[in-house]
> 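Sharing a structure below in structure tokens format, with a few things to ask.
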Amino acid sequence: MPAQLEDPRFSGRVLELRGVAKRYPGVVALDRVDLTLDAGEVLGVAGENGAGKSTLISIVNGTVTPSSGEMFLRGQPHRFGNPRASGSAGIATVYQEQGLIPSLLVFENMFLGREARFARAGTLPVARMRRRAQAILDELGCSIDAAAHTGSLAFGDRQVVEIAKAFAAYELTGINPIILLDEPTSGLSEDETDVLLENIRNWRTRASFVFISHRLTHLFQVAGRIMVLKDGRHVGTVDAAATDEEHLHELIVGRKRDSEYYREALQLRPGSEVALRTDGLTMAGRFADVGISVRVGEIVGLAGVQGCGKTELVRALAGMERYDSGRLELLGRSLGSGRLDAAIRRGVAYIPAERLREGIIAENSVEFNLTLPRLSTLRAWPAGPLSLRRCIRLTASWIERLSIKTGGPRSPMRTMSGGNQQKVVFGKWLSGGVKVLLLDDPGRGLDVGAKEDIYELLRGLCADGVSIVLVSDNLPELIGLSHRIYTMRGGRVTNVIEAPRDGKPSEAAVVASMV
Amino acid sequence: MTTTAEERGSGVVRLLARARTGVLYPLVALGALVLWFSLASPYFFSTANFFNIGRGSAVLLLVALAGTVAILVGSIDLSVAGIVTLTGVVVAWFIDDLGLGLALLIALVVGAFVGLLNGLVVQLLRIPSFLVTLGMLSITMGVAAALNNNAPVHFRDPSLGQLVNGDVLGVPNVILFPLIVMAIMTFIVFRTKVGRHLYAIGGGEAVAKASGVAVERYKVGAFVASGLLCALAGIVITGQIGAGTLDVGGSLLLDSVAAVVMGGTALSGGIGGPHRTLLGVLVIAVLGNGMGMLGFTDFVQNIIKGAVIIAAVALSIDRQKYGIIK
């Protein structure tokens with residue numbers, strides 16, 4: 001798909017990597033990877049978590065220095081490890097975690113660090129900067145006000161502002177930007193995604209893109225070539241027009257896609273005993289009069305649009321937040337409001353959506369993180385000091401059981417991929433013998449392979465009699481995994497939908513009760 | 001992706017940064033100082049002088065250990081000098097009437113109580129610890145001065161002096177004592193549940209909370225521990241001087257925070273430990289001792305010490321940065 005080029009000078013190879021490798025202690029993040037990017041091209045990058053996609057981007061934008069390899073920008077050798085030089089050479093990165101300062105106005109963010117180009121006699125012509133920014137935004141075809149507070153914009157708009165920032169640099173320097181997009185669609189709704197993909201196609205006349213995504217459909221919609229990484233190695237680059245999702249998926253996971261993605265064949269009938277039950281549970285302003293029950297070995301899904309109260313409900317079940325009235329019963333005995341310690345003691349585990357905030361301490365080791373909730377049981381003798389040998393042994397056994405890829409129990413978490421970090425969070429709770437598992441979007445930011453591992457794990461847990469409450473915005477996942485689905489709207493339960501192995505409801509049937 | 005110190009530096013810097021245990025910078029600084037003073041003065045490198053350095057740094061080590069506990073959980077205790085002064089005066093005030101044992105007990109209770117106040121105010125009123133403890137510094141200094149109308153408190157009981165200035169097999173008690181305290185603390189932070197929880201709170205408070213760690217209790221507890229350690233320092237200093245005096249705090253605050261950070265305990269919490277603090281304390285103590293021996297005047301010593309602290313902290317803080325840039 002060659003782009004129509006306005007500027008005859010905007011052609012040829014803009015970026016090339018040769019034999020780029022990055023090694024961390026015990027982990028090879030990237031193993032001699034080559035990459036080429038032509039002017040006006042959108043290069044897709046696919047791969048499981050930990051395949052090295054983010055490392056690749058960080059090497060290109062200079063925030064990570066590779067152990068070996070070469071880089072060329074528009075034919076010229078480019079020195080690694082200098083984010084500033086990469087920035088002034090037109091390389092811009094749009095990260096999952098957004099890189100804008102929310103307290104600044106949109107145009108201030110767009111020209112951040114480049115104000116000097118406007119300065120006159122030591123003052124900034126603010127009105128001119130704003131007009132210039134507005135012109136760029138208008139030209140990009142979006143309806144964002146350059147004078148708006150960045151923090152007040154929707155997630156999708158903020159993402160556009162980040163891209164506009166790269167075009168602002170182009171306006172000022174005349175250097176066609178190379179825009180690195182790290183999972184740009186992961187926080188967007190379907191509509192916003194369509195707009196973004198359409199825009200990227202239009203912007204190719206002036207910019208080149210490297211587009212990382214787990215969503216293969218999105219890659220196919222926008223990329224000309226798709227580069228596949230696996231375990232840090234470059235396993236192939238395919239022409240998007242000449243391949244299909246099935247084939248790409250095989251390359252990514254290195255095996256055929258299971259016809260039973262959600263392991264529905266392993267969905268057993270739950271037991272009759274109720275593990276968790278609520279009655280009239282209410283948190284003022286969040287949810288009201290919620291009555292749900294979860295049986296032993298059952299996966300119960302909570303479906304609803306954002307703000308319907310499902311997230312708060314799960315946090316209240318976990319004891320992370322207080323409920324105001326109603327009754328919460330765990331294996332026949334009531335559990336007070338906000339009693340996190342009691343909940344943990346009685347076998348309730350909560351796996352948060354925000355892994356880096358509430359799930360793991362990245363600076364510390366796998367062993368430190370995995371043993372944290374149950375150090376009392378890892379003492380050398382009662383009330384004595386810890387038995388480091390037992391801590392290490394417990395961790396090593398869970399690294400093996402969950403196939404966690406890491407340098408070892410003492411490796412710091414920060415060197416590991418999101419999927420492996422998530423497995424440590426599971427190990428952290430499973431190692432204590434969990435009875436009720438509360439999951440808030442357990443697949444967030446995980447790739448296909450890591451998700452499949454998690455699904456298989458969940459089925460196994462159910463077979464062992466663990467009860468699971470699942471919150472997910474991914475409806476196919478929710479329907480595929482759950483035995484029953486409670487739908488919520490405006491803080492209230494609107495429906496209970498059975499989802500047995502051979503009678504899964506349609507997405508439409510579930511959505512009907514959500515909106 | 002994380003940017004690590006290894007990735008930014010080159011050559012020697014990279015080699016140093018790769019020493020993940022992080023004791024290299026203070027060790028190099030210490031080695032350089034020892035070398036310099038040994039060459040410059042014939043009296044420096046001797047057992048007698050090393051004992052001098054140990055005696056001179058006992059109080060600083062105890063206070064720096066107090067600072068380490070608070071900093072480990074991500075707080076900071078700036079009232080240390082005030083608690084040392086107050087408890088030092090309290091011991092002197094009670095020892096003649098109540099005897100050594102009770103006087104020590106009262107000093108420890110006072111130290112723990114001030115720490116408890118610090119912790120409760122921080123937790124209950126949700127005020128940053130540096131503000132609360134700065135206020136407490138002023139309060140404790142004021143109370144200490146008020147006790148005897150701004151005059152030093154003298155006492156006759158010789159037992160405290162005998163305890164502090166005694167020795168075991170030729171090694172002064174005052175050197176052994178803080179080292180034993182440090183060894184116990186190091187064991188606690190690395191080999192017990194309590195220690196792991198302290199690191200977890202400093203490294204990721206939300207994670208610790210979600211894992212069932214009683215975060216509030218630990219944070220209050222850290223201030224109580226800090227108060228207790230300061231009381232120990234106050235007792236030692238009163239024993240060394242032979243009176244409860246008001247001007248002992250002087251440079252303790254700056255020196256102790258500098259020692260903690262130089263040792264490699266990150267101000268953001270969760271990284272480092274008491275054993276590291278010893279190195280920072282030794283750098284400051286050796287520097288002071290050597291400069292005194294070379295006849296530097298007080299004000300020149302202060303200028304050099306300040307410069308060394310800034311340089312050392314600049315170096316040691318850099319290698320703690322990994323993981324923050326995300």
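Residue numbers start from 1 in every chain, and the chains themselves are labelled A, B, ... in the order their sequence lines are given, proteins ahead of strands. Being a predicted model, the structure only gives us computed values, none of them experimental.
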> Return each pair, listed once, that meets side-chain hydrogen bond (donor to acceptor under 3.5 Å, both in side chains) where at least one residue sits in residues 210-232 of chain B; pairs must be two or more places apart or across chains.
A/K428-B/S211, B/D77-B/S226, B/H197-B/Y218, B/E205-B/K219, B/K209-B/E216

> With a 4.5 angstrom heavy-atom cut-off, which part of A/I360 approaches chain B: side chain, backbone, both or neither?
backbone

> Shortest non-hydrogen contact from B/A206 to A/E358?
CB-CG, 4.1 Å

> If I take atom CD1 from residue A/I361 and atom CD1 from residue B/I201, how far apart are they, to the nearest 0.5 angstrom?
9.0 Å

> Please classify the contact between A/R379 and chain B as side chain, backbone, both or neither, with a heavy-atom cut-off of under 4.5 Å.
side chain

> Using a cut-off of under 4.5 Å for heavy-atom pairs, which of B/G212, B/A200, B/G203, B/G195 has the most such pairs with chain A?
B/A200

> Could you tell me which portion of A/F368 (side chain, backbone, both or neither) has an atom closer than 4.5 angstrom to a non-hydrogen atom of chain B?
both

> Can you tell me which portion of A/L388 sits under 4.5 Å from chain B's heavy atoms? Options are side chain, backbone, both or neither.
both

> Under 4.5 Å from any heavy atom of chain B, what part of A/I344 do you find: side chain, backbone, both or neither?
side chain

> What part of A/T371 lies closer than 4.5 angstrom to a heavy atom of chain B: side chain, backbone, both or neither?
side chain

> If I measure from the heavy atoms of chain A, does B/F187 come under 4.5 Å with its side chain, its backbone, both, or neither?
side chain

> If every non-hydrogen atom of A/L386 is compared with every non-hydrogen atom of B/K193, which pair is closest and at what distance?
CG-N, 3.8 Å

> Might you confirm whether atom CZ of A/R390 has over 12 heavy atoms from other residues, nucleotides or ligands at distances under 6.0 Å?
yes

> Hey, is CZ on B/F113 packed in by over 12 heavy atoms from elsewhere, all under 6.0 Å?
no

